[in-house]
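One structure below.
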Amino acid sequence: MTGMGMRRYLIALGLGLWALGLAEGLAQQAPQLRVLPVQGNVHLIAGAGVNLTVHVGEYGVLLVDTPPPAVAPQVMAEIRKLSPLPIRWIINTSVNPDHVAGNAALVGPAGGRGAPFGFVGLGRPAIVAHENVLNRMANPPAGQPATAPGALPTTTYYLPTMDFSNGEAVILYHQPAAHTDSDTVVLFRESDVISTGAVFTPGRYPVIDLERGGSVQGLVAALGSILALAVPDGFESGGTQIVPGRGRISEETDVAEFRDMVAIIRDRVQDLIKKGQTLDQVKAARPSRDYDAEYGATQVDADRFVESIYRSLNQPRARS
Amino acid sequence: MTRFSRTDIIGLAVLALMLPAIPAFGQGIDFTGQWVPVYHEDGPERIPGPELADYAGLPINDAARLRADSYDANRISAVMEYQCRPHAADYNLRGLANLRITSDIDPLTQRVTAIHTRINFHDAERTIYLDSRPHPPAEAPHSWGGFSTGVWNGNMLTITTTHLKPYYIRRNGVPASDKRTLTEHWVRHGDFLTIVSIIDDPAFLTERLVRSQSWALDPGQRMGTNWCEYAPELPLGEGVVPHWLPGANPYLEEFSEWYGLPFEASRGGAETMYPEYRQKLKQTFSTLDRCQRYCTCFNGTGGCNLR
């Protein structure tokens, strides 16, 4: 081999090794998705930010919430393992960016074909949400970029419930002031599965987004409405399976434990407010301290949760 | 004389290295049968039930202590979802635990591949897999029985259980989180079964909680069935959850007063688990003149003489 040939060989070898390293690095960065059967026609895709609930029905795939755009191709690949049918519906359970981030990515080419549920033409899934999601996404606060048109909900509802069929009844329940004012809890009636969105997040404190209409009392009420929908099998085992916005697949008592945590910390904060304590004093009292480790909270997380409760209870409106 | 080639020797060496990784199916002894619990250990805690605010001997942290102080027994009446709960696997070993153990046998190898337990209270059933299967991912559901796998250590079966639901480690509100792991060592001595249970709970325990429970073989035992229906026993407003606010529970000192114990001892913590703590107690209190609580529970005279 000549000197020039050897140099070319070494350059090619170096580039090859660099590419291998890059590919390995990318592989390490790519999130590890985990697909778990939940019950009936429902699956959970975990590891893509928020939990994604996948319903495989007679007419196609229904997806609850969407992943970050960068993960959308991976999510689609996993959905394809569950069904060859197109995504026909995407349900956004909240206006929170964590739940709508992948809307545009999934209704585009990555999402494949789909029939409409609302007004849009053939060839893309319908995005279903409470009308407050559309209102907030279409009218972002000053200084924030406009939402891409393809990411906006195409089918909205404003009544307490909305229902349709994907081979089984799919019922949407609006929660008017919980995590936000636009939360939807989804019941898959025959599969006996509830997808809760951000209202229920076992293992971590819920986010009460006061700027978007959330409230602690509404959150407790929303958790109560999930409890009212869930029916356990004998001795509080099995029965209705509950897919939370984040965290593990759950059952009725898990929601009860979570609701009780929110209610008890709310009562403690309320008691301190009655005693005239300021926000700083309430935070210093650490009213969530016996729950922090169980809910994986840093002091910052705990303070944020306590502050949201404090501010919610101090809101002048009845919905506090 | 047979000669081994170099390939044979390498192959045998690789096989030898793999041997420890091969699951040890079916070693050990037979645990199957009907078992009746023996309450010679921790009787007052297990049968009549613990006194309120008795946390002695538990290696709990401040979070667990506050949670237990906040516990109001009305909660299990008012929150209907708690009314029909079975015990979680770790507490079940402590409760009214008439026990039946069965096993699955692989028809080809005649090795035990799984053990099943049924404890009478609320039909609590559990499977312990012996086939080296992995535990489920974090997102998998938790259950009262959890997910259990076992390995044999000679005649002792060691079981690891994860994916347990949140529950309690003492029936007076001392909490157990869903992050805990239960390790069990099952040992059989003739007609007696002893299970040493070890709870690791990063949310509520500063050290491992080690306890033991025993059963006696009872071939004539006949297990019944249970049923449970919800009922609004204590109707409260929506979203109302009974609990005591921090510092407001008026019953926290009853236990220490009744038993003549220093209040600090009743508060638990790792120190209170060890025998050395008795020496410390001797310096600060003297025993009561006569027994006042649970004096006759276990001596055959009937009743617990509660006031």
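Keep in mind that what you see is a predicted model, and the values were worked out from it rather than measured. Below, chain A is the first sequence line, B the second, and so on; all start at residue 1.
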Residues [X], [Y]: salt bridge by 4.0 Å N-O rule:
| X | Y | value |
| --- | --- | --- |
| A/Arg248 | B/Asp178 | yes |
| B/Lys165 | A/Glu251 | yes |
| A/Arg289 | B/Asp62 | no |

What part of [X] is in contact with chain A, defined as an atom under 4.5 angstrom from a non-hydrogen atom: side chain, backbone, both or neither?
| X | result |
| --- | --- |
| B/Ala140 | both |
| B/Pro166 | both |
| B/Ser143 | neither |
| B/Leu66 | both |
| B/Arg75 | side chain |

Worksheet item: Can A/Arg268 and B/Ser70 be counted as having a side-chain donor-acceptor contact under 3.5 angstrom?
Response: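 B/Ser70 and A/Arg268 do have a side-chain donor-acceptor pair below 3.5 Å.
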
Discussion item. Less than 3.5 Å apart, any donor N or O on the side chain of B/His243 or A/Asp267 sitting next to an acceptor on the other?
Written reply: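 The criterion, which ignores hydrogens and geometry beyond distance, is satisfied for A/Asp267 and B/His243.
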
Practice prompt. Please work out which of the three classes, parallel, tilted or perpendicular, describes the rings of A/Phe235 and B/His122, given edges at 30° and 60°.
Written response: parallel

What part of [X] gets closer than 4.5 Å to chain B, counting heavy atoms only: side chain, backbone, both or neither?
| X | result |
| --- | --- |
| A/Leu44 | side chain |
| A/Arg246 | neither |
| A/Ile264 | both |

Worksheet item: Who wins among A/Ser250, A/Pro287, A/Gly296, A/Ser237 for the most heavy-atom pairs under 4.5 Å with chain B?
Response: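 Most heavy-atom pairs under 4.5 Å with chain B: A/Ser237.
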
Just so I know, are the side chains of [X] and [Y] near enough to count as touching, which here means a heavy-atom distance under 4.5 Å?
| X | Y | answer |
| --- | --- | --- |
| A/Glu257 | B/Glu81 | no |
| A/Val38 | B/Pro141 | no |
| B/Tyr230 | A/Pro232 | yes |

Worksheet item: To the nearest 0.5 Å, what is the distance between CD1 (A/Ile45) and CD (B/Glu139)?
Response: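 A/Ile45 CD1 to B/Glu139 CD: 12.0 Å, rounded to 0.5 Å.
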
Discussion item. If you apply the rule side chain to side chain contact (heavy atoms under 4.5 Å, CB included), what do you find for B/Tyr82 with A/Asp260, and how did you get there?
Written reply: CA-CA 11 Å; B/Tyr82 298 148; A/Asp260 289 3; 2.6 Å; yes

Practice prompt. Give the minimum heavy-atom separation between B/Val241 and A/Ala263, together with the two atoms involved.
Written response: CG2-CB, 3.7 Å

Worksheet item: Of the non-hydrogen atoms in B/Ala63 and A/Asp290, which two are nearest, and what is the gap between them?
Response: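 Looking at all heavy atoms of both residues, the closest pair is O-CB, 3.2 Å.
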
Discussion item. Tell me whether B/Arg171 at atom CZ has more than 12 heavy atoms from other residues, nucleotides or ligands lying less than 6.0 Å away.
Written reply: yes

Discussion item. Around atom CZ of B/Phe263, are there more than 12 heavy atoms from other residues, nucleotides or ligands closer than 6.0 Å?
Written reply: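 Yes, the 6.0 Å shell around CZ holds more than 12 heavy atoms from other groups.
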
Item to complete: Name the member of B/Met80, B/His142, B/Glu238 that forms the most heavy-atom pairs with chain A at distances under 4.5 Å.
Response: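 Sorted descending by pairs with chain A, the first entry is B/His142.
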
Worksheet item: B/Trp144 side chain to A/Glu236 main-chain N or O, any donor-acceptor pair under 3.5 Å?
Response: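 Side chain of B/Trp144 to backbone of A/Glu236, a donor-acceptor pair under 3.5 Å: yes, one is there.
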
Practice prompt. Would you sort out whether B/Lys179 and A/Glu294 count as a salt bridge (charged side-chain N to carboxylate O under 4.0 Å, His left out), showing the intermediate values?
Written response: CA-CA 7 Å; B/Lys179 299 180 189 302; A/Glu294 193 175 12; over 6 Å; no

